[in-house]
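One structure is given here, and the rest of the page talks about it.
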Amino acid sequence: MHAEPVADATRLALGEGPVWDASARRLRWIDIKEPRLFTLDQPADRIDSVELDVVPGALIPCPDGRLVLASERGFELIDAATGRTSLLAPVEADRPDRRMNDGKCDPFGRPVAGTMQRAEPRQPGPLYRLEDDGAVRPILDGLAIPNGLDWPEPDRLWHIDTPTRRIDLYEYPEHGPLGRRIRSLDVSHLPGSPDGMTLDADGNLWVAFWDGGAVHCLSPEGRPLATVEVPVPRATSCAFGGPDLRTLYITTARSAEHPLSGALFSVDPGVSGRRGGGQVEHGAQ
């Protein structure tokens with residue numbers, strides 16, 4: 001399969017965090033390096049954007065309608081119309097050398113995201129959860145570049161620490177830190193490094209590969225099922241969207257040698273995404 005650029009897609013420095021808003025029929029995603037929030041209005045096939053007042057790491061829709069941003073400051077509420085943010089909870093406020101990276105909302109409605117060094121060398125850091133009481137608690141430690149996460153079941157979490165070139169499945173208790181690592185999928189044989197990911201309706205993993213020029217689909221046991229070729233090297237993340245969740249949207253990062261790099265791409269992979277699998281089920285404001 002081959003992904004094609006979405007019409008009029010802007011070339012982002014570091015596109016990330018695609019999220020489908022089902023009721024508004026919109027896709028949202030961010031640029032981390034040149035902080036902006038982008039919105040694709042599918043019925044009109046129009047892309048709009050607003051400048052952000054913080055460096056973002058992930059866009060996290062919550063079941064209660066809130067749109068949360070994991071940023072350089074911590075977990076924040078964001079107004080998608082204006083790009084304005086308000087801090088919900090600081091994270092590592094004493095560490096300006098770090099910022100939050102990829103994140104999603106867990107099955108219990110709580111935002112989860114990890115932190116990473118802004119530059120080499122990468123000192124390990126935690127995966128954090130914003131609890132219902134407003135406290136931020138670490139639930140997994142020792143991560144260099146926390147990335148791609150999704151829940152196949154409420155008590156299971158897939159997670160990627162990019163430099164390990166591995167995708168790990170953990171026990172996910174409703175309260176407290178993560179439990180034991182149940183399974184690891186070694187993807188070191190695939191070109192590039194695993195970055196963002198999503199699950200389809202059958203529980204298969206769709207993983208974007210930085211410097212791999214592709215999104216690979218793997219079964220939960222690690223069996224290769226499909227490959228979407230992206231005509232730029234740095235695929236960063238992916239999400240299912242469209243009215244029937246049968247379009248896979250792929251964000252990318254800019255590189256000087258590739259004119260389309262940094263654009264948003266899409267493909268019909270022949271499968272659908274999951275309801276509640278990272279999509280907003282009612283319009284987030």
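The closest side-chain donor-acceptor pair between Trp206 and Asp200 falls under 3.5 angstrom. Judged by distance alone, the side chains of Ser255 and Arg234 never bring a donor and an acceptor atom under 3.5 Å apart. No side-chain donor-acceptor contact under 3.5 Å links Thr39 and Asp48. Arg95 and Gln123 share no side-chain donor-acceptor pair at under 3.5 Å. Residues Gln117 and Arg98 bring a donor and an acceptor atom of their side chains to less than 3.5 Å of each other.
For the atom pair CG (Leu157) and CG (Leu140), the distance works out to 8.5 Å, reported to the nearest 0.5 Å. Distance check: Asp155 CG to Phe108 CZ gives 7.5 Å after rounding to the nearest 0.5 Å. If you take CD1 on Ile32 and CD on Glu16, they are separated by 4.5 Å, rounding to the nearest 0.5 Å. Separation of atoms OG1 (Thr115) and CG (Asn101) is listed at 9.0 Å; rounding is to 0.5 Å. Rounded to the nearest 0.5 Å, atoms CG (Leu12) and CG (Leu264) are 8.5 Å apart. From Leu205, atom CG reaches atom CG of Leu169 across 8.5 Å, with rounding to the nearest 0.5 Å.
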Would you sort out whether Arg165 and Asp161 count as a salt bridge (Lys or Arg N to Asp or Glu O under 4.0 Å), showing the intermediate values?
-> CA-CA 7 Å; Arg165 301 185 73 186; Asp161 184 10; over 6 Å; no
Go through the steps to decide whether Thr162 and Asn147 satisfy the test side chain to side chain donor-acceptor pair (under 3.5 Å), and finish with yes or no.
-> CA-CA 6 Å; Thr162 293; Asn147 256 314; 2.9 Å; yes
Steps toward side chain to side chain contact (heavy atoms under 4.5 Å, CB included) verdict (Tyr172, Leu178) = CA-CA 5 Å; Tyr172 191 83; Leu178 298 192; 3.2 Å; yes
Arg110 vs Glu131, salt bridge (Lys or Arg N to Asp or Glu O under 4.0 Å): CA-CA, chis, key distance, verdict | CA-CA 6 Å; Arg110 301 166 301 190; Glu131 305 287 2; 3.4 Å; yes
Steps toward side chain to side chain donor-acceptor pair (under 3.5 Å) verdict (Arg254, Ser261) | CA-CA 5 Å; Arg254 192 184 301 155; Ser261 63; over 6 Å; no
Where do Leu40 and Arg26 land on the side chain to side chain contact (heavy atoms under 4.5 Å, CB included) test, with the steps shown first?
-> CA-CA 5 Å; Leu40 169 66; Arg26 290 172 178 158; over 6 Å; no
Give the C-alpha distance, both sets of side-chain angles, the deciding distance and a yes or no for side chain to side chain contact (heavy atoms under 4.5 Å, CB included) between Val112 and Leu130.
-> CA-CA 6 Å; Val112 175; Leu130 178 60; over 6 Å; no
Given Arg28 and Leu37, is the side chain to side chain contact (heavy atoms under 4.5 Å, CB included) satisfied, shown in steps?
-> CA-CA 7 Å; Arg28 304 189 199 277; Leu37 170 64; 4.2 Å; yes
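Shown are Val6, Thr251, Leu260; of these, the side chain to side chain contact (heavy atoms under 4.5 Å, CB included) with Phe265 is made only by Leu260. When the options Leu149, Val207, Leu185, Asp195 are evaluated for a side chain to side chain contact (heavy atoms under 4.5 Å, CB included) with Ile160, the one that passes is Val207.
Ion pairing of Asp150 with Arg274 is present here, as a side-chain N (NZ or NE/NH1/NH2) and a carboxylate O approach within less than 4.0 Å. Asp168 has a carboxylate O that lies under 4.0 Å from a charged side-chain N of Arg166, or vice versa, which qualifies the two as a salt bridge. Salt bridge Glu34/Arg36: absent, no basic N to carboxylate O contact under 4.0 Å. Salt bridge present: Glu72 and Arg118 bring a charged side-chain N and a carboxylate O closer than 4.0 Å. Between Asp41 and Arg25 there is no salt bridge, since none of the side-chain N atoms of the basic residue sits less than 4.0 Å from a carboxylate O of the acidic one.
The shortest non-hydrogen separation linking Pro259 to Arg11 is O-CD, 2.9 Å. Residues Tyr170 and His159 approach most closely at CE1-CB, 4.3 Å, considering heavy atoms. Of all non-hydrogen atoms in Ser237 and Gly196, the two that sit nearest each other are OG-CA, 3.7 Å. When all heavy atoms of Trp151 and Lys104 are compared, the pair lying nearest together is CZ3-CB, 3.9 Å. Taking each heavy atom of Pro194 and Val187 in turn, the nearest pair found is CG-CG2, 3.9 Å. For the residue pair Pro111 and Gly109, the shortest heavy atom distance occurs at CD-O, 3.9 Å.
By the 6.0 Å contact criterion, CD on Glu51 is open, its count of non-hydrogen atoms from other residues, nucleotides or ligands being 12 or less. Around CD of Glu153, the count of heavy atoms belonging to other residues, nucleotides or ligands within 6.0 Å does not exceed 12. Atom CZ of Arg84 has 12 or fewer neighbouring heavy atoms from other residues, nucleotides or ligands inside a 6.0 Å radius.
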List the atom pairs, donor and acceptor, that lie under 3.5 Å between side-chain atoms in residues 53-63 and the rest of the protein, sequence neighbours left out.
| unit_1 | atom_1 | unit_2 | atom_2 | d |
| --- | --- | --- | --- | --- |
| Asp53 | OD1 | Thr85 | OG1 | 2.7 |
| Asp53 | OD2 | Thr85 | OG1 | 3.4 |

With a 3.5 Å cut-off and sequence neighbours excluded, list the donor-acceptor pairs that the side chains of residues 238-248 form with protein atoms.
| unit_1 | atom_1 | unit_2 | atom_2 | d |
| --- | --- | --- | --- | --- |
| Asp244 | OD1 | Arg246 | N | 3.3 |
| Arg246 | NH2 | Gly270 | O | 3.1 |

Donor-acceptor contacts under 3.5 Å from residues 220-233 side chains, at least two apart:
| unit_1 | atom_1 | unit_2 | atom_2 | d |
| --- | --- | --- | --- | --- |
| Glu221 | OE1 | Ser219 | OG | 3.4 |
| Thr227 | OG1 | His216 | ND1 | 3.1 |
| Glu229 | OE1 | His2 | ND1 | 3.4 |

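Remark: the backbone N or O of Ala89 is not paired with any side-chain donor or acceptor of Arg73 at under 3.5 angstrom.
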